[in-house]
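Below, chains carry the letters A, B, ... as their sequence lines are ordered, and counting in each starts from 1. Atoms considered below: every heavy atom in the structure, side chains included; atoms not considered: hydrogens, waters and symmetry mates.
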Amino acid sequence: MPELPEVETVMRGLSAVLEGRTIRAASVARPDLRWPFPAGLAERLAGARVGGFRRRGKYMLMRLSGGDSVLIHLGMSGRMVAQPMDAPPRDAPVPHEHMALETTDGVRVGFVDPRRFGCVDLVPTAAEDGHRLLAGLGPEPLEPGFTPSVLAAALRGRRTPLKAALLDQKVVAGLGNIYVSEALFRARLSPLRAASSVTGADAERLVPAIRAVLAESIEAGGSSLRDYVHADGGIGFFQERFKVYDREGLPCDECPGPPGCPGIQRVVQAGRASFHCPRLQR
DNA sequence: CATTAGCCCTGAGAGC
DNA sequence: TGCTCTCAGGGCTAAT
């Protein structure tokens, strides 16, 4: 589900209610999600003070006093639900809530993930980037190290379609199916192109397009389609600004007319839907 | 090494 | 209304 802007937004929401607070208690409701929960997770959380948060690609890291960081991935359907503990009591357990913690100042945060594609792990804070799930990630698209030449180098020699290459977290960290389509539209590049053909001026357009679409989405609170909500239950609004994603057959609003846009096309690449304007994107 | 297919799950929506 | 089918924002692993 969540791509970089959604993870960033959730993380900011968690930071607001957890940073500097002390965890009074934690509970784990099942042994595993994608992988087993780390041994002693609830015990390691209990009593710890929450330091800062950090995002790496689609992963969140919550630093604890004591030297551990909690690594969280929301998978496709994961959400973090923060509520005051004096909220009206529920008459039934929250469905698919697999983990929860409570702070000493009365906030309860649950990790809810129906599809269970998410994961939670512990990693020493001093060695976060060495974790097996983070070690291979490509550059952060919103940081200065993500430059046209870095991107072109990552795409060099790859005969796979550009769309599939940008979904590869080793090329750039944090893009998913929505934002790849949207960034390619902004850069006027076809998702069908060979990745290796993106050099020079194409890469010079693609990097700022990726940056802009991610930054604008964060600004809008992310995109709320099926499952995604903020930690406080609020929703994002960037879906209202999609130019191509899930708009098959509709005209794009940037083709010059008349006659205007021939219609946004949906194609399946590597098992995932891609959306593009065949006239503007080459 | 690069690339693809299969798979892990549940739920929402479409079509009948 | 209720059934069945398809698809969904991800990413690992095994096979090619």
Side-chain angles (χ1 to χ4, degrees), chain A residues 1-11 29-37 55-60 71-80 94-98 111-121 131-138 141 153-184 191-197 210 213-214 217-218 220-230 235-242 244-249 266-275:
Chain A
M1 137 193 173
E3 306 182 31
L4 186 153
E6 290 75 38
V7 176
E8 178 72 25
T9 308
V10 167
M11 186 190 72
R30 54 172 298 120
D32 63 337
L33 291 177
R34 174 186 288 277
W35 295 292
F37 284 108
R55 182 190 52 73
R56 179 76 175 99
K58 300 174 192 173
Y59 293 88
M60 272 185 292
L71 177 70
I72 299 169
H73 193 291
L74 299 174
M76 291 267 267
S77 58
R79 51 170 74 178
M80 306 297 300
V94 180
H96 306 297
E97 184 186 86
H98 309 307
F111 181 14
V112 176
D113 182 12
R115 270 176 97 176
R116 305 214 303 266
F117 286 0
C119 66
V120 177
D121 203 1
H131 190 282
R132 66 182 181 94
L133 296 171
L134 303 187
L137 294 178
L155 298 176
R156 191 168 300 143
R158 299 191 57 155
R159 273 169 287 189
T160 192
L162 179 56
K163 163 76 187 313
L166 292 175
L167 284 177
D168 184 344
Q169 303 296 296
K170 294 190 287 297
V171 170
V172 55
L175 291 180
N177 211 34
I178 293 175
Y179 296 104
V180 168
S181 281
E182 293 296 316
L184 288 174
L192 306 171
R193 271 178 60 158
S196 58
S197 72
I210 290 170
V213 74
L214 296 175
S217 181
I218 291 170
S223 303
S224 288
L225 297 186
R226 291 167 185 80
D227 306 299
Y228 168 70
V229 292
H230 300 173
I235 63 168
F237 295 96
F238 193 71
Q239 67 278 7
E240 296 171 7
R241 291 163 50 190
F242 291 166
V244 290
Y245 181 78
D246 204 20
R247 295 177 55 81
E248 182 183 18
R266 178 185 189 270
V267 296
V268 175
Q269 301 178 279
R272 317 285 302 273
S274 293
F275 299 88

note: A:D246, atom CG; B:dA12, atom P; distance rounded to Å ~ 17 Å
- [ ] Give one of base, sugar-phosphate or nothing for A:R156, where a contact means two heavy atoms less than 4.0 Å apart.
- [x] nothing
All stems that DNA chain C takes part in, i.e. 3 or more consecutive Watson-Crick or G-U pairs with distances under 3.5 Å, are B:2-8 with C:10-16, B:10-16 with C:2-8
* To do: Give A:Y179 one of three labels, base, sugar-phosphate or nothing, depending on what nucleic acid heavy atoms sit under 4.0 Å from its own.
  => nothing
query: Given A:W35 and A:L133, is the side chain to side chain contact (heavy atoms under 4.5 Å, CB included) satisfied, shown in steps?
result: CA-CA 12 Å; A:W35 295 292; A:L133 296 171; 3.9 Å; yes
Checking A:R79, A:M60, A:E6 against A:L74 for side-chain contact (heavy atoms from CB on, under 4.5 Å), the one that qualifies is A:M60
Q.
Check the phosphate of C:dG10 against A:Q169, side-chain N and O only, distance under 4.0 Å to OP1 or OP2. Yes or no?
A. no
Atom NZ of A:K163 and atom P of B:dT3 are separated, to the nearest Å, by 15 Å
Taken to the nearest whole Å, CG/A:L225 to C1'/B:dA12 is 13 Å
Rounding to the closest angstrom, what is the interatomic distance between B:dA5 and C:dC7 at atom P? 16 Å
**Asked** Is a side-chain donor or acceptor of A:K163 paired with a backbone partner of A:A273 at a separation under 3.5 angstrom?
**Response** yes
Contact string for nucleotides 4-10 of chain B, one letter per nucleotide 5' to 3', B = base within protein heavy-atom range under 4.0 Å, S = sugar-phosphate only, - = neither, reads S---BBB
Heavy atoms only, 4.0 Å cut-off, all strands: where does A:L167 land among base, sugar-phosphate and nothing? nothing
A:L133 atom CG is separated from C:dC12 atom P, nearest whole Å, by 6 Å
Could you go through A:L214 and A:L175, starting from their C-alpha distance and side-chain angles, then the distance that decides it, and tell me whether this counts as side chain to side chain contact (heavy atoms under 4.5 Å, CB included)? CA-CA 9 Å; A:L214 296 175; A:L175 291 180; 4.0 Å; yes
Point to revise | Span that lies between the C1' atom of C:dC12 and that of B:dG11, in whole angstrom | key: 23 Å
Practice item. Pick base, sugar-phosphate or nothing for A:F238, based on heavy-atom distances below 4.0 Å to the nucleic acid. Key: nothing
Between CH2 of A:W35 and P of C:dG10 the distance, given in whole Å, is 15 Å
field: Ionic contact status for A:R116 with A:D32, cut-off 4.0 Å
entry: no
A:Y228 atom OH is separated from C:dG10 atom P, nearest whole Å, by 14 Å
query = Okay, side chain of A:Q169, backbone of A:G57: is any donor-acceptor separation there less than 3.5 Å?
reply = no
Report task. Quote, to the nearest angstrom, the P distance that separates B:dC9 from C:dA14. Result -> 16 Å
By side-chain contact (heavy atoms from CB on, under 4.5 Å), A:F37 pairs with (sequence neighbours left out) A:V28, A:R30, A:L33, A:L41, A:H98, A:M99, A:V120
Query raised in the report: So A:D246 and A:R266, salt bridge (Lys or Arg N to Asp or Glu O under 4.0 Å) or not? Walk me through it.
Result: CA-CA 8 Å; A:D246 204 20; A:R266 178 185 189 270; over 6 Å; no
Rounded to whole Å, CZ of A:R272 lies from C1' of C:dT6 at a distance of 15 Å
Taken to the nearest whole Å, CD1/A:I72 to P/C:dG10 is 18 Å
According to a strict under-4.0 Å criterion, is A:H73 in side-chain N/O contact with OP1 or OP2 of C:dG11? yes
Check your understanding: Is it true that the side chains of A:D113 and A:S77 contain a donor and an acceptor less than 3.5 Å apart?
Key -> yes
query = side chain to side chain contact (heavy atoms under 4.5 Å, CB included) between A:L4 and A:Y179: does it pass, once the steps are laid out?
reply = CA-CA 9 Å; A:L4 186 153; A:Y179 296 104; over 6 Å; no
Residue pair A:G176/A:R132 against DNA chain C: nearer the 5' end by closest nucleotide is A:G176
